[in-house]
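So the structure is just underneath, and the comments pick up after that.
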Number of protein chains: 2
Amino acid sequence: MEQQQISTYLLKNGIRPLQKRVKIMGYLVSKRNHPTVEMIYSDLVHEIKGLSKTTVYNVLNLFVQSGVALALNIEGNEIRYDADTSTHGHFKCRVCSGVIDFRIKQEELPKPMLDGFRIEEHHFYLMGVCSFCCNKIEA
Amino acid sequence: MEQQQISTYLLKNGIRPLQKRVKIMGYLVSKRNHPTVEMIYSDLVHEIKGLSKTTVYNVLNLFVQSGVALALNIEGNEIRYDADTSTHGHFKCRVCSGVIDFRIKQEELPKPMLDGFRIEEHHFYLMGVCSFCCNKIEA
DNA sequence: ATTAATTTTGTAATCATTACAAAATAATAC
DNA sequence: GTATTATTTTGTAATGATTACAAAATTAAT
Ligand SMILES: [Mn+2]
Ligand SMILES: [Mn+2]
Ligand SMILES: [Zn+2]
Ligand SMILES: [Zn+2]
């Protein structure tokens, strides 16, 4: 996606499209790898002069609050970020630690009986070993 | 559940039923409130002479590795523990922070197409406002 | 009762995240 | 454009949950 498209997208969601914000959103959108703050910072610090890790935290928190990114709590020691806010599920490989998407339709999600509850977010994720790592192991 | 039943259960799962382990498992089984380490420690420290928080961590890690407890990563800053290892989902209220169970049948869970993947764990949870807190808010 | 193995404890270390005030940047007014 | 004001970014320190580790205590085996 172009920087210009990203700027427009951020603006539409009430976020001023400052340079570092656009770069971080561009990174999320193009890599689609559900990175941690550490991954984003270490990849972008070379490209953005004088980037601070605190800024990465600030910008991601802003993105989540504004609804343009999801914070995924798959394992307790790290948060992973996702610019895809549509309904979908995640698989995390316990060998390579990769997180990949899978599509789920909203109507495929179980509908638990929770009368009087206001349900705001659905989270569905799987853990296991990805096909790449399965092949490596049996080889 | 009786202490004796818990001891037998732990033994069957390869865990020596030492006093503190039985007490901690008894707490999990009887309260069913998906407590954090902090909650378990502060509730049991009065009842068990000289309990250490490190022991709570050690015992819970042992339980999870042995398959008699689940570690729930619903929000990134805390792990909640559950002695119910059957297939079920969780709802977390963002007002009162309570975590409650709901039943899901294994066959109700979406079956994503992940050819060649080894799927070992399913996690399904919801966030929102529980019925109790909904009532309080509108009142 | 001795000895050996396991568990528990207390403290320090680690690691991700947040708090905060100063410096830098961007927007607005003149 | 320059001065003024508001917002953002930075660097460092603080926080909080978890783990590492070695000594002390407990449990099992001889
Ligand atoms: Mn995703
Ligand atoms: Mn549960
Ligand atoms: Zn893998
Ligand atoms: Zn509630």
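When reading the values below, keep in mind they use all heavy atoms of this one structure, side chains included, and skip hydrogens, waters and symmetry mates. Residue numbers start from 1 in every chain, and the chains themselves are labelled A, B, ... in the order their sequence lines are given, proteins ahead of strands. Everything numeric in this text was worked out from a predicted model, so none of it was measured.
Contacts classified as side chain to side chain donor-acceptor pair (under 3.5 Å) and involving residues 127-139 of chain A (residues at least two apart or in different chains) are not found.
Grouping Ile, Leu, Val, Met, Phe, Trp and Tyr by side-chain contacts under 4.5 Å, direct or through others, puts A/V95 with A/V129, A/I137. Through chains of ILVMFWY side-chain contacts below 4.5 Å, B/L109 is grouped with A/F91, A/I100, A/F102, A/I104, A/L109, A/L114, A/F117, A/I119, A/F124, A/L126, B/F91, B/I100, B/F102, B/I104, B/L114, B/F117, B/I119, B/F124, B/L126.
The nearest whole Å value for the distance from the OH atom in A/Y41 to the C1' atom in C/dT17 is 15 Å. Rounding to whole angstrom units, CG of residue A/N58 and P of C/dC20 are separated by 13 Å. Following rounding to the nearest Å, A/K20 (NZ) and C/dA23 (C1') show an atom-to-atom distance of 12 Å. Taking atom CG of residue A/L60 and atom P of nucleotide C/dA16, one finds them 15 Å apart after rounding to whole Å. In this structure, CG of B/L10 is placed 16 Å from P of D/dT27, rounded to the nearest angstrom. Atom-to-atom, CG of A/L51 to C1' of C/dA23 comes out at 16 Å; the value is rounded to the nearest Å. Between the CD atom of A/Q19 and the C1' atom of D/dT8 there is a distance of 12 Å, rounded to whole Å. The separation between B/I15 atom CD1 and D/dT27 atom P is 17 Å, rounded to whole Å.
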What are the atom names and distances for every N/O pair under 3.5 Å that joins the protein to nucleotides 4-7 of chain C?
from  : atom 1 : to    : atom 2 : distance (Å)
C/dT6 : O3'    : B/R16 : NH2    : 3.1
C/dT7 : OP1    : B/R21 : NH1    : 3.4
C/dT7 : OP1    : B/R21 : NH2    : 3.2

Distances under 3.5 Å between nitrogen or oxygen atoms of protein and nucleotides 17-19 of chain D:
from   : atom 1 : to    : atom 2 : distance (Å)
D/dT18 : OP1    : B/I79 : N      : 3.4
D/dT18 : OP2    : B/Y57 : OH     : 2.7
D/dT19 : OP2    : B/N61 : ND2    : 3.3

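B/G50 approaches B/K20 most closely through the heavy-atom pair O-NZ, 4.1 Å.
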Let me have the donor-acceptor pairs involving side chains of residues 61-75 of chain A, under 3.5 Å, with sequence neighbours excluded, atom names and distances please.
from  : atom 1 : to    : atom 2 : distance (Å)
A/N61 : ND2    : A/Y57 : O      : 3.4
A/S66 : OG     : A/L62 : O      : 2.8
A/E75 : OE1    : A/K92 : NZ     : 2.7

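Looking at B/L28 and B/P35, their side chains come closer than 4.5 Å, going by heavy atoms from C-beta outward. Annotation: side chain of A/H90 is in contact with side chain of A/D101 (closest heavy-atom distance under 4.5 Å).
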Under the side-chain contact (heavy atoms from CB on, under 4.5 Å) rule, what do A/E108 and A/R103 come out as? Steps first, then yes or no, please.
-> CA-CA 10 Å; A/E108 287 180 87; A/R103 304 324 303 178; over 6 Å; no
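Linking ILVMFWY residues whenever their side-chain heavy atoms come closer than 4.5 Å, directly or via other members, places A/V45 and A/Y81 in the same cluster.
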